[in-house]
Amino acid sequence: MKHKFGLLPKVLLAIALGIVFGLFVPEWFTRIALTFNNIFGNFLNFVIPLLILGLVAPGIADLGSKAGRLLVITAALAYAFTLFSGFGTFFTSLGVLPRLLGGTEMSAPGETAATPLQPFFTVEMPPLMGVMTALILAFVLGLGMAYIHSDKLKGMMDDFKLIIERVISKVIIPLLPFYIFGIFLSMTQSGQVSGILGIFLKLIVIIFVMTVVLLLIQFSIAGLVARQNPLKMLRTMMTAYMTALGTQSSAATIPVTLAQTVKIGVRPEVAGFVVPLCATIHLSGSMMKIVACSLAVMMLSGLD
């Protein structure tokens, strides 16, 4: 019996190999990886607005008259949890960081810094529109299709959705581990990994613990509403979380998040509406890292 090597093990393997290879591979190897990352990253930036348009608009149309109410509820929950994360991190950091970072000072950067490695060449792929433009256009088209019951436009958008889903499954998901490998390879060879871990190891642990607590709170609420085991739901979503950790991009993780969300029992039309939207407006994780890191830098720098 064959066992499928899932995306989560591939992401973890890519991170580990990137760190290990970065310790000894020559610069030309890293530049090849950077060239791939540049091309793939530009392709991601090009596809993400189309992905949002292709998934959100049909999803809203499928929801019909419920779409407007769901939009309001989703936005309210996203911003409420973002504020909850920010204030929670602020007060936690004020209580914990002074004791953890006491006696530690941020060292000034050296006068000379090594020139970062560059890709051999780049291929520009400017997106057709910005992410917010795509999101607003998707709302307009989706709500319009829902209220006028447009079969022709709905059929075109459904076909466009199938194309986007094929791009996700055949191009983006298979190549994501190589992209993550290149990120950590470059970080390791430039010394960023050891530098970051050396200075902010304690901070990383605190952010990780706060992230786990926040996820448990959010998934407990979701599990209570959906009448599902929150730990089982969270375990299913770990693939998306590790992909986000590797890429450092919620938008780039949309395809993985969408697939895992459907696996935990969310209806595809709801997932297609909520996931791309929340990748743009639900910023609990970003708020947590920004607040904690800002306060840490201020304390290490001796600022009030």
Side-chain angles (χ1 to χ4, degrees), residues 6-9 11-12 14-16 18-19 74 77-101 176 180 183-184 187 192-193 195-226 228-261 263-264 266 274-300:
L7 182 60
L8 178 58
V11 170
L12 295 174
I15 293 173
I19 294 174
T74 303
L77 286 173
Y79 284 115
F81 273 113
T82 299
L83 291 173
F84 176 79
S85 174
F87 282 109
T89 304
F90 177 77
F91 291 113
T92 301
S93 298
L94 287 184
V96 175
L97 290 183
R99 285 175 286 182
L100 285 178
L101 303 178
L176 265 177
I180 295 171
I183 291 174
F184 280 85
M187 289 175 60
Q192 293 180 33
V193 169
I196 292 172
L197 292 180
I199 297 175
F200 289 111
L201 180 58
K202 295 178 181 178
L203 180 60
I204 291 171
V205 172
I206 292 298
I207 292 176
F208 177 78
V209 172
M210 288 191 296
T211 300
V212 171
V213 172
L214 180 63
L215 288 173
L216 288 174
I217 293 173
Q218 291 179 335
F219 275 83
S220 295
I221 296 173
L224 184 64
V225 174
Q228 292 193 43
N229 184 339
L231 295 179
K232 184 178 179 180
M233 296 166 64
L234 183 56
R235 184 169 64 249
T236 302
M237 295 304 299
M238 281 301 295
T239 302
Y241 185 75
M242 293 305 300
T243 304
L245 181 65
T247 61
Q248 291 297 297
S249 171
S250 299
T253 314
I254 288 174
V256 183
T257 308
L258 182 61
Q260 298 306 113
T261 302
K263 286 183 180 179
I264 63 175
V266 178
V274 172
V275 170
L277 173 61
C278 285
T280 308
I281 68 172
H282 180 215
L283 305 173
S284 293
S286 297
M287 179 71 83
M288 181 178 293
K289 286 179 285 186
I290 290 170
V291 172
C293 291
S294 298
L295 287 173
V297 169
M298 292 173 68
M299 293 176 186
L300 291 171

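Note: hydrogens, waters and symmetry copies are ignored here, and every other heavy atom, side chains too, is used.
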> Who are the side-chain contact (heavy atoms from CB on, under 4.5 Å) partners of Thr92, not counting sequence neighbours?
Replying inline: Val96, Met210
> Closest approach of Met233 and Gly223, non-hydrogen atoms and distance?
Replying inline: SD-CA, 3.9 Å
>> Please find the pair of heavy atoms, one from Thr243 and one from Thr239, that lie closest to each other, and give the distance.
In response: OG1-O, 2.8 Å
> How far apart are the closest heavy atoms of Cys293 and Ile207, and which atoms are they?
Replying inline: SG-CD1, 4.1 Å
> Can you tell me how far the CZ atom of Phe219 sits from the CD atom of Gln228, to the nearest 0.5 Å?
Replying inline: 10.5 Å
>> Do Met237 and Thr257 have side chains that approach each other closer than 4.5 Å (heavy atoms only, starting at C-beta)?
In response: yes
>> According to side-chain contact (heavy atoms from CB on, under 4.5 Å), who are the partners of Leu258, at least two apart in sequence or on a separate chain?
In response: Leu55, Ala271, Val275
>> For the CZ atom of Phe184 and the CD1 atom of Ile15, what is their distance to the nearest 0.5 Å?
In response: 4.5 Å
>> Minimum heavy-atom separation for Ala292 and Leu97, please, with both atom names.
In response: O-CD1, 3.9 Å
> Looking at CG of Leu215 and OH of Tyr241, how far apart are the two atoms once the value is rounded to the nearest 0.5 Å?
Replying inline: 6.0 Å
>> Under the rule for side-chain hydrogen bond (donor to acceptor under 3.5 Å, both in side chains), what residues qualify as partners of Lys232, not counting sequence neighbours?
In response: none
> If you round to the nearest 0.5 Å, how far is CE of Met288 from CD1 of Ile206?
Replying inline: 11.5 Å
Considering only distance and modelled atom types, tabulate donor-acceptor pairs under 3.5 Å from the side chains of residues 80-89, sequence neighbours left out.
{"residue": "Thr82", "atom": "OG1", "partner": "Ala78", "partner atom": "O", "Å": "2.7"}
{"residue": "Thr82", "atom": "OG1", "partner": "Leu283", "partner atom": "N", "Å": "3.1"}
{"residue": "Ser85", "atom": "OG", "partner": "Ser284", "partner atom": "O", "Å": "2.7"}
{"residue": "Thr89", "atom": "OG1", "partner": "Ser85", "partner atom": "O", "Å": "2.7"}

> Taking only residues two or more places apart in sequence or in another chain, which ones pass side-chain contact (heavy atoms from CB on, under 4.5 Å) with Thr236?
Replying inline: Gln260, Lys263, Ile264
> What are the two closest non-hydrogen atoms of Ser93 and Pro98, and how far apart are they?
Replying inline: O-CD, 3.4 Å
> Of all heavy-atom pairs between Ile254 and Pro276, which one has the smallest distance, and what is that distance?
Replying inline: CD1-CA, 4.1 Å
